[in-house]
Enquirer: 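This is the structure, below, for whatever I ask next.
Worth knowing before you read on, the calculation uses all heavy atoms, side chains too, and leaves out hydrogens, waters and symmetry mates. Just so it is clear, the structure is predicted and the values come from calculations on it, not from any experiment.
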There are 4 protein chains.
Amino acid sequence: MSVDEQRRPARVKRLPREVRERQILDAAVRVFSQHGYHNASMDEISDVAGVSKPMIYAYLGHKEDLFAACIRREASLLMDAIASGVRAESPPDMQLWHGLRAFFEFVASQRESWKVLHRQATSQGGPFSEELLAMRSRAINLVDALLVRSATSRGLGETATKATEALAAALVGAGESLADWWLDHPDVPEKVVASWLMNLVWMGLGDLVDGAVWTPTPEAAPE
Amino acid sequence: MSVDEQRRPARVKRLPREVRERQILDAAVRVFSQHGYHNASMDEISDVAGVSKPMIYAYLGHKEDLFAACIRREASLLMDAIASGVRAESPPDMQLWHGLRAFFEFVASQRESWKVLHRQATSQGGPFSEELLAMRSRAINLVDALLVRSATSRGLGETATKATEALAAALVGAGESLADWWLDHPDVPEKVVASWLMNLVWMGLGDLVDGAVWTPTPEAAPE
Amino acid sequence: MSVDEQRRPARVKRLPREVRERQILDAAVRVFSQHGYHNASMDEISDVAGVSKPMIYAYLGHKEDLFAACIRREASLLMDAIASGVRAESPPDMQLWHGLRAFFEFVASQRESWKVLHRQATSQGGPFSEELLAMRSRAINLVDALLVRSATSRGLGETATKATEALAAALVGAGESLADWWLDHPDVPEKVVASWLMNLVWMGLGDLVDGAVWTPTPEAAPE
Amino acid sequence: MSVDEQRRPARVKRLPREVRERQILDAAVRVFSQHGYHNASMDEISDVAGVSKPMIYAYLGHKEDLFAACIRREASLLMDAIASGVRAESPPDMQLWHGLRAFFEFVASQRESWKVLHRQATSQGGPFSEELLAMRSRAINLVDALLVRSATSRGLGETATKATEALAAALVGAGESLADWWLDHPDVPEKVVASWLMNLVWMGLGDLVDGAVWTPTPEAAPE
DNA sequence: AATGAATGAGACTTCATTCAT
DNA sequence: TATGAATGAAGTCTCATTCAT
């Protein structure tokens, strides 16, 4: 046993696989969100993780796989955060409201996660769409359920129920986009952003109910 | 006469600099929007442009410069499109409406431009923010002017005029975000997307006038 | 077993870093001295070293760093050679003499080292001056000590001791220059070159003692 | 005739070849001495010369040819300077002295020329040696003639005349080296440097006459 | 006589990835 | 389980050089 082994702050050795994977993912999320997917180097990730590169490859595969794993994990965390924000006993609109608040709170407190999750995943092409799509489906289902109940409580009949799915999708997409935009405008209070989106949804539901919104004055609309 | 001469689609030779620059920018926009900034290789751009790499460097500089030039050009195109959509003689709300329509029409018809302009430029860090900020300022000014007139026509007094600037900024940001989201949901008709945004603005202006929007029922709001 | 395996002189694999660094430096000194700093290509160095380029960058950094490392190492070798040539028990003038001999012997036997060390480092600008200056300081100190003792033994008083430092600097510079010149005149015996320089120093010291040197006849000197 | 032609500070057009060549050489000497052979770019030379690159190639050939032409011209200037410094009616040692003074004065006043001529040409390999050798031969002949007369005046017989050629060569080489060294030590007065060299020669001639110089004490000299 | 336009070739550098221990 | 050692492949950028006008 040579003296050299003591030279650097001893890396803990022989940890169970589970722990190593968490270390690696933590480091990867951090590095990816900091430098972006491409500028992130496996070298830096392995440094930050305190693990050698071959370990990363053994446990989590290539760079793309690693990134996908990051997305998967962070998406789960987000979904959990939202789900736990919604209280089943509240009226539907308040459930929606609290879900939105939970979402934006997550974005606010987990900027790194969100950056990886959405901004990076979105701007990189193909290989990561699947992960994003899967996450979105889950989110849409969640929201759709809330919308249906909300709409019912506002007197919307059965006929339009299918439209709620589209609205749910829009809401999720708008939420993503709005959160993304919010990243660049951190001075806007979270509650305000959340209420913007809430209003958009409410108006959307209102559309379905009575259509009382701004429309182009017919005589001026050329199309 | 060897076969080699036929190998590649005959490049036109000795064009004036102006023309070449346009060719190069066209190619760059295409390649950047397809593969993203980092995955785009100067080699591919030079191939697509039908020009050798040294020409690119001589005319448009390094990769970053080239990308910035793309952003600048596409931003100008967008601003022109919007400006030309707005008719000065219309009432203010119709001007806003047509501006929005023009914006979304541009996004729809120039997907590549928009991808480069917003998605790529947003997800790449620092060096490109300036270009984006410059463009955004121009856009915000344009919108602000419209909003002020619209608000006046709805009876808003002098006191709140400063708030319109904030709303303009929000509108521009929301527009960017919504368009970005729309990219992934091409089945939603352009008019619908535009009307969503129009309503959001209208509601925002309404806020300034009478504040009639959804708010969480006070007793249920914990925060 | 394919033919390919035999194509290149089998590289020894997985050597410890220390060894590889030496291999690389050896190769670099050789290539730099052969082609000059600019014409030397990292490719050739890596070939000669029997190591891939990424290793060079990992171990010794950029081209400039690598060159600086060469200078540092060769300078150390030179200083060691000189120091070990000087015998502490000899009279001062003999110490100086042996130091000079050792210097010229080093230049003769390590032409490559010397070329890198002096000719290349001198003709390249800025980044390498520091290394050269550092080496020169060490040499000057060494020589100065010898000169002081030599001068004392020839009856030089305290007052002129500061002048020895200047003379030491001159000697080192002259030595460098003379050795450099000698590179192009290998037929001159080493002992002769050494004695030339020795005489120059002796005359310089003599100057300090009694000034008996050639001078232009006053009436003919126009300036 | 378009307006464009007037845009830049009008390059003088249609000059006779002779003039153009001088412009180009002037620029080349300047750029080569500033950046070194390799870092000098044909682009910069053509800019400084106010002439397009194809002209350079047409008149003076490739980069190497151009550099060789620089060496040739500057060498001629140097030889002229030395020759004009020597006055035929002076005694031989004063002729030598004035020749040396002229040489160092040239180096001092034409640093650029000298840098190109010696330092650059020396540190670049092969292709330029020829030019340097040719120049050196001329110089050696000149010096040899002086030495022969000087030696004769000091009582040297016929037998040793051949040795003067070697000494002449040594003097020229030492002069080059010393001047080169002087470049890095501009604070040493020119007269001092010249006198150093003069003394070295004088001592060398003294060697030929009577051998009264420092020699290692026989018992201590191992070799 | 003179040049703007154009390029082949090659330099340095870095990265994801894998052996061999 | 864990890693230091090692590299193929690719990317950005620059330069000397030459057409075609």
Side-chain angles (χ1 to χ4, degrees), chain A residues 4-5 11-17 20 38-46 50-59 61-66, chain B residues 11-17 19-20 38-46 50-59 61-66, chain C residues 11-21 38-46 50-59 61-66, chain D residues 4-5 11-17 20 38-46 50-59 61-66:
Chain A
D4 284 4
E5 293 177 25
R11 293 183 171 187
V12 186
K13 291 202 160 192
R14 305 225 160 230
L15 294 181
R17 173 164 188 149
R20 281 279 189 244
H38 261 97
N39 283 331
S41 81
M42 296 300 270
D43 266 302
E44 182 172 357
I45 293 175
S46 87
V51 164
S52 72
K53 272 188 294 178
M55 280 282 86
I56 299 183
Y57 282 87
Y59 283 166
H62 298 194
K63 198 183 185 185
E64 280 192 3
D65 301 330
L66 176 57
Chain B
R11 295 180 169 191
V12 185
K13 295 206 162 191
R14 299 189 71 68
L15 297 180
R17 175 172 185 144
V19 179
R20 281 280 145 136
H38 267 99
N39 280 328
S41 84
M42 297 299 271
D43 267 304
E44 180 171 359
I45 292 174
S46 86
V51 163
S52 70
K53 265 187 299 178
M55 279 281 88
I56 299 183
Y57 282 89
Y59 285 169
H62 299 197
K63 198 183 184 184
E64 279 193 4
D65 301 331
L66 177 58
Chain C
R11 295 181 168 190
V12 185
K13 294 207 161 187
R14 298 189 68 70
L15 296 179
R17 172 170 186 146
E18 230 175 325
V19 180
R20 281 284 188 234
E21 283 191 352
H38 267 99
N39 280 329
S41 84
M42 297 300 270
D43 266 304
E44 181 171 359
I45 293 175
S46 85
V51 163
S52 71
K53 268 187 298 178
M55 281 278 87
I56 300 184
Y57 282 89
Y59 285 169
H62 299 196
K63 197 182 187 185
E64 279 194 2
D65 300 332
L66 177 58
Chain D
D4 284 5
E5 293 176 25
R11 294 180 169 187
V12 185
K13 292 205 159 189
R14 307 229 160 225
L15 294 181
R17 170 164 189 149
R20 281 279 190 241
H38 260 95
N39 284 330
S41 81
M42 298 298 271
D43 267 300
E44 182 172 357
I45 293 175
S46 87
V51 164
S52 74
K53 274 189 292 180
M55 280 282 88
I56 299 183
Y57 281 88
Y59 283 167
H62 296 194
K63 197 184 187 185
E64 280 192 2
D65 302 330
L66 176 58

Enquirer: Would you please confirm or rule out a distance under 4.0 Å between OP1 or OP2 of F:dT7 and any side-chain N or O of C:Tyr57?
Expert: no

Enquirer: Can you identify which nucleotide, out of F:dA5, E:dG4, F:dA2, has its nearest atom closest to the C:Met55 side chain?
Expert: F:dA5

Enquirer: Can you tell me which nucleotide in E:dA6, E:dT3, F:dT7 comes closest to the side chain of C:Pro54?
Expert: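 Closest nucleotide among those given: F:dT7.
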
Enquirer: Take D:Pro16 and B:Arg17, find for each the nucleotide of DNA chain E with the closest heavy atom, and name the residue whose nucleotide sits nearer the 5' end.
Expert: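 The 5'-side residue here is D:Pro16.
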
Enquirer: What integer distance in Å separates D:Glu64:CD from F:dC15:P?
Expert: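 My rounded result for the distance is 17 Å.
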
Enquirer: Using whole Å, what does the distance between atom P of nucleotide E:dA11 and atom CD of C:Glu44 come to?
Expert: 10 Å

Enquirer: Compare every heavy atom of C:Ser52 with every heavy atom of C:Ser46, then report the nearest pair and how far apart it is.
Expert: CB-C, 4.1 Å

Enquirer: What is the nucleic acid contact for B:Met42, judged by heavy atoms within less than 4.0 Å: base, sugar-phosphate only, or nothing?
Expert: sugar-phosphate

Enquirer: Which residues satisfy the side-chain contact (heavy atoms from CB on, under 4.5 Å) test with A:Asp65, sequence neighbours excluded?
Expert: A:His62

Enquirer: What's the CG-C1' distance between C:Leu15 and E:dT21, to the nearest Å?
Expert: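 The answer, rounded to whole Å, is 13 Å.
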
Enquirer: Which one, E:dT3, E:dA5, F:dA6, comes nearest to the side chain of B:Tyr59?
Expert: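 That would be E:dA5.
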
Enquirer: When you measure only distances, ignoring hydrogens and angles, does the side chain of A:Lys63 come within 3.5 Å of the base of E:dT17 through a donor and an acceptor?
Expert: no

Enquirer: Mind checking the CZ-CE spacing from A:Arg20 to A:Met55? Nearest 0.5 Å is all I need.
Expert: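 Here the rounded value is 7.5 Å.
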
Enquirer: Closest heavy-atom contact between C:His38 and C:Lys63?
Expert: O-NZ, 3.4 Å

Enquirer: OP1, OP2 of E:dT13 versus side-chain N and O of C:His62: anything below 4.0 Å?
Expert: yes

Enquirer: Round to the nearest Å and state the distance from A:Leu66 atom CG to E:dA16 atom C1'.
Expert: 12 Å

Enquirer: Just the rounded figure in Å: distance from P of E:dA1 to CD1 of D:Ile56.
Expert: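 Atom-to-atom, D:Ile56 to E:dA1, this comes out as 16 Å.
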
Enquirer: Just verifying a value: how many Å separate C:Lys53 NZ and C:Ile56 CD1, rounded to the nearest 0.5 Å?
Expert: 8.5 Å

Enquirer: For F:dA2, does OP1 or OP2 lie under 4.0 Å from any side-chain N or O of A:Arg20?
Expert: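 Yes, because at least one side-chain N or O of A:Arg20 sits under 4.0 Å from OP1 or OP2 of F:dA2.
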
Enquirer: Can you list every stem that DNA chain E is part of, counting only runs of 3 or more consecutive Watson-Crick or G-U wobble pairs with both distances under 3.5 Å?
Expert: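 Only these stems qualify: E:2-21 with F:2-21.
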
Enquirer: So for A:Lys53 and E:dT17, does any side-chain atom that can act as donor or acceptor lie under 3.5 Å from a complementary atom in the base?
Expert: yes

Enquirer: Between D:Asp43 and B:His38, who's closer to the 5' end of DNA chain F by nearest nucleotide?
Expert: B:His38

Enquirer: Measure the distance from CD1 on D:Ile45 to C1' on F:dT17 and round it to the nearest whole Å.
Expert: 14 Å

